[in-house]
J.: 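Following this message is one structure expressed as structure tokens.
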Amino acid sequence: MTAPLIDPFHRAISYLRVSVTDRCDFRCVYCMSENMTFLPKKELLTLEELDRMCSAFVRLGVRKLRITGGEPLVRREIMTFFRAMSRHLQTGALDELTLTTNGSQLAKFAEDLADAGVRRINVSLDTLDQDKFARITRWGRLPQVMKGIDAAQKAGLRVKINTVALKGFNEDELHRLTDWCAERDMDLTFIEVMPMGDIGNEDRIGQYWSLNDLRARLAERSPLTDLPDRTGGPARYVRMESTGQKIGFITPLSHNFCESCNRVRITCTGEIYTCLGQEGHSDLRAPLRASESDAMLDDAIRAAIALKPKGHDFDYSRQQVDGQVSRHMSHTGG
Ligand code: SAM
Ligand code: SF4
């Protein structure tokens, strides 16, 4: 038997999030600057290396694998990787294979994803207004994403919408967004904007809309019942009694969720980040490439987990951004 991955604070690591590319066909204003410099392709793990890396984690006890980026569906031949990972679903080693996407390529790939055993996906969408969508994503077009969501639902994928709460941007769409999700039977999760990466001239504090406030506004419209669902992550869920729909809140800035953290992240270059909100990371690409056997890789994974910090410390109070981390969300994957 292989010993499971347990960190120094007795948290079992069962959830791996993997960024398969730092590239994206959008340039969301809170995520990237318009002129991003991307990594040279040779820095990236190949699809075969991604397979080896993820398979090592599955062997060591990871039960849930989320593919992210950048935009995961713009990585060339990414379906080869999804098809390869589906073997772990078939053996029962993995409970869930899923992805977070901006939806732009879903019309093309929804069927293939379903065929590979993906059952649920997260689609990021901050507004239902075409002009605002173009403004917030800079390069994205709403109708293309809508077609993608249609295709995903048609393929039988359960869709959850992730919406970044942005002050002065989508405050006025709160009820429209919740109604739209209820009509289409999609769960909805709001995310507080996090201080990650240089985003050019955008104003972080100006973007921040507290989910406490957002929740209070929802509660003016319908009673909200707290749900016990815990995913080990930063999300808390409520049921909106007027519609029965489930709404999530990801509040890394207002609440501390670290004590139940069961996850680690791998970047597209094979670095492991054991905490989203801290700079500490270790390189897994060198041990992966050093040998065809996985012994060195397994040792490096265990050594990295042994360094997983207790928690993080983002703080927007005092009107300054403390605990900011320099890398972009697209680097570690959101
Ligand atoms: N491109 C895919 C997408 O947009 O869904 C996957 C990667 S993206 C980095 C993952 C999630 O991170 C998205 O839901 C996005 O809205 C969120 N995100 C990006 N930058 C963020 C930030 N600074 N604060 C909070 N969420 C952010
Ligand atoms: Fe691309 Fe996702 Fe970042 Fe938007 S949030 S720029 S879609 S990686």
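Order of listing sets the numbers, starting from 1, for every ligand and every atom in it. For the single chain, residues carry numbers from 1 onward in sequence order. Nothing here was measured: the structure is a model prediction, and the numbers come from that model.
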J.: Under a 3.5 Å cutoff, is there a donor and acceptor pairing between the side chains of Glu71 and Ser104?
T.: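 No donor-acceptor contact under 3.5 Å links the two side chains.
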
J.: So do Val159 and Gln153 actually touch side chain to side chain, heavy atoms under 4.5 Å?
T.: yes

J.: Determine, considering heavy atoms only, which of Ser124, Gly103, Gly70 sits nearest to atom 6 (C) of ligand 1.
T.: Gly70

J.: If you count the non-hydrogen atoms of other residues, nucleotides and ligands that lie under 6.0 Å from CZ in Arg120, is the total more than 12?
T.: no

J.: So, is Thr68 polar-close to ligand 1, with some N/O to N/O distance under 3.5 Å?
T.: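 Such a contact does not occur with ligand 1.
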
J.: Does the structure place the NZ or CZ of Lys308 under 6.0 Å from the centre of the six-membered ring of Phe9, at an angle of no more than 45° from the ring's axis?
T.: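 No, a cation-pi geometry is absent between Lys308 and Phe9.
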
J.: When you compare the side chains of Glu173 and Thr127, does any donor N or O come within less than 3.5 Å of an acceptor on the partner?
T.: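 Yes, because at least one side-chain N or O of Glu173 sits under 3.5 Å from a partner of the opposite role on Thr127.
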
J.: Please state whether the separation between atom 4 (Fe) of ligand 2 and some N/O/S atom of Cys31 is under 2.8 Å?
T.: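 Checking atom 4 (Fe) of ligand 2 against Cys31, no N, O or S atom falls under 2.8 Å.
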
J.: Please compare Cys24, Ser104, Ser19, Gly70 and report which has the shortest non-hydrogen distance to atom 7 (S) of ligand 2.
T.: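 Residue with the shortest heavy-atom distance to the ligand atom: Cys24.
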
J.: Geometry only, no angles: is Ile191 polar-contacting ligand 1 at N/O separations under 3.5 Å?
T.: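 Looking only at distances, the answer is no, because the N/O contact criterion of under 3.5 Å is not met.
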
J.: Assess Ser124 for proximity to ligand 2: is some non-hydrogen atom of it under 4.0 Å away?
T.: no

J.: Just distances here: any N/O of Asp126 and N/O of ligand 1 closer than 3.5 Å?
T.: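 Looking only at distances, the answer is no, because the N/O contact criterion of under 3.5 Å is not met.
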
J.: Does any donor atom in the side chain of Ser260 or Arg11 lie under 3.5 Å from an acceptor atom in the other side chain?
T.: no

J.: Which of the atoms in ligand 1, numbered in the order shown and given with their element, are less than 4.0 Å from a heavy-atom of Thr101?
T.: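 What qualifies from ligand 1 is 2 (C), 3 (C), 5 (O).
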
J.: If we ignore hydrogens and angles and just use 3.5 Å, is the side chain of Asn122 paired with the main-chain N or O of Thr101 as donor and acceptor?
T.: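 No, Asn122 side chain to Thr101 backbone: no donor-acceptor pair under 3.5 Å.
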
J.: Can you tell me which portion of Val164 lies within the under-4.0 Å heavy-atom range of ligand 1? Options are side chain, backbone, both, or neither.
T.: side chain

J.: State the atoms of ligand 1, each with its element, that fall below the 4.0 Å cut-off from a heavy-atom position in Val193.
T.: 24 (N), 25 (C)

J.: Give the numbers and elements of all ligand 1 atoms closer than 4.0 Å to a heavy atom of Glu192.
T.: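 Numbered from 1, ligand 1 contributes 25 (C).
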
J.: Considering only heavy atoms of Cys31, which atoms of ligand 1 have at least one such atom less than 4.0 Å away?
T.: 19 (C), 20 (N)

J.: Report yes if some N/O of Glu71 lies less than 3.5 Å from some N/O of ligand 1; otherwise report no.
T.: yes

J.: Using only heavy-atom distances, determine whether the side chains of Tyr30 and Asp126 contain a donor-acceptor pair under 3.5 Å.
T.: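 Looking only at side-chain atoms, Asp126 and Tyr30 do form a donor-acceptor pair, the distance falling under 3.5 Å.
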
